[in-house]
Amino acid sequence: QVQLVESGGKLVQAGGSLRLSCAASGRTFSAYDMAWFRQVPGNEREFVANIAWSGSWTYYADSVKGRFTISRDNAKNTVYLQMGSLIAEDTAVYYCAARRAGVPSTNSYDYNYWGQGTQVTVSS
């Protein structure tokens, strides 16, 4: 089992920046690919970014490319999402997710472990 706890969500003005953190505990963190998804009520969960267990690859949704950066610190069992140039459309609950290291996936169904989510609200 892997337990994930997100933090860092808050109300921020459009154009601002925010860093989300996801702390992992349980099984070996470095054995897992990590991802961030987001969800708005009434919509499906949307892929945002993911990163390999080693940090050797990262992928981003087109909607956040160039504005968001995913990173991880395996020594601290933590994955981050640095968010910049925020817009109102970034408003959502952001979820951290983990899956055993393998072929990169942007599909939420491939991720076995999820955090409880953290709310990000961007005011315009």
Side-chain angles (χ1 to χ4, degrees):
Q1 287 283 351
V2 176
Q3 292 80 42
L4 303 173
V5 179
E6 302 97 334
S7 62
K10 65 178 183 179
L11 173 65
V12 63
Q13 288 190 337
S17 299
L18 197 61
R19 188 176 82 160
L20 305 182
S21 299
C22 173
S25 60
R27 297 270 180 101
T28 306
F29 177 69
S30 60
Y32 291 81
D33 297 337
M34 301 297 296
W36 288 95
F37 289 80
R38 65 188 182 186
Q39 189 169 24
V40 175
N43 289 3
E44 291 189 356
R45 199 161 289 188
E46 175 191 22
F47 168 77
V48 175
N50 60 358
I51 186 168
W53 68 272
S54 60
S56 60
W57 52 256
T58 58
Y59 292 99
Y60 296 91
D62 288 343
S63 58
V64 307
K65 202 171 293 183
R67 301 189 298 120
F68 291 10
T69 301
I70 189 171
S71 62
R72 66 190 295 162
D73 185 337
N74 287 346
K76 295 183 178 179
N77 286 4
T78 303
V79 63
Y80 304 97
L81 184 68
Q82 180 68 47
M83 310 164 67
S85 301
L86 286 161
I87 59 177
E89 289 74 18
D90 294 321
T91 296
V93 177
Y94 283 72
Y95 296 91
C96 175
R99 66 187 293 258
R100 294 287 294 184
V103 176
S105 174
T106 62
N107 190 329
S108 63
Y109 295 102
D110 289 330
Y111 289 81
N112 309 106
Y113 304 101
W114 293 84
Q116 82 290 348
T118 186
Q119 176 70 49
V120 173
T121 303
V122 182
S123 64
S124 57

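Keep in mind that this is a model prediction, so the values were computed, not measured.
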Rounded to the nearest 0.5 Å, what separates atom CG in Asp62 from atom CZ in Phe47?
10.0 Å
Given side chains that start at C-beta, do those of Asn112 and Tyr32 come closer than 4.5 Å, heavy atoms only?
no
Smallest heavy-atom separation, Leu20 atom then Gly8 atom, equals CD2-C, 3.6 Å
With heavy-atom distances below 4.5 Å as the criterion, would you say the side chains of Glu89 and Ser63 are in contact?
no
Under a 3.5 Å distance rule, please check whether Asp110 uses its side chain to pair with a backbone N or O of Pro104 as donor and acceptor.
no
Counting C-beta onward and ignoring hydrogens, is there a side-chain heavy-atom pair between Leu18 and Lys10 closer than 4.5 Å?
yes
Could you tell me whether Arg38 sits above the aromatic face of Tyr94, with NZ or CZ closer than 6.0 angstrom to the six-membered ring centre and within 45 degrees of the axis?
no
Exercise: identify the closest heavy-atom pair between Ser85 and Asp90
O-OD2, 4.4 Å
At their closest point, which heavy atom of Ser123 faces which heavy atom of Leu11, and how far apart are they?
CB-CD1, 4.1 Å
Main-chain N/O of Ser54 paired to Ser56 side chain as donor or acceptor, under 3.5 Å
no
Heavy atoms, side chains only, cut-off 4.5 Å: are Ile70 and Val79 in contact?
yes
Tell me the closest heavy-atom pair linking Trp57 and Asp33, and the distance in Å.
CZ2-OD2, 3.6 Å
Minimum heavy-atom distance between Ser21 and Thr78, given as atom pair plus value:
CB-CG2, 4.3 Å
Distance from Met34 atom CE to Asn77 atom CG, nearest 0.5 Å?
9.5 Å
Using a 4.5 Å cut-off on heavy atoms from C-beta on, say whether the side chain of Arg72 contacts that of Trp53.
yes
Side chain to side chain contact (heavy atoms under 4.5 Å, CB included) between Leu4 and Tyr95, intermediate numbers included
CA-CA 9 Å; Leu4 303 173; Tyr95 296 91; over 6 Å; no
Could you tell me whether the side chain of Trp36 reaches within less than 4.5 Å of the side chain of Met83, counting heavy atoms only?
no
Between the main-chain N or O of Cys96 and the side-chain N or O of Glu6, is there a donor-acceptor pair closer than 3.5 Å?
yes
Do any N or O atoms from the side chain of Thr58 and from the backbone of Ile51 form a donor-acceptor pair under 3.5 angstrom?
no
Between Tyr111 and Phe37, does the ring centre distance come in under 6.0 Å?
yes
If we only count heavy atoms from C-beta on, is the Tyr60 to Arg67 side-chain gap below 4.5 Å?
no
Closest non-hydrogen atoms of Val12 and Gly16, given as atom of the first, atom of the second and distance, are CG2-CA, 4.2 Å
Heavy-atom donor-acceptor pair, Asn50 side chain to Tyr59 backbone, under 3.5 Å
yes
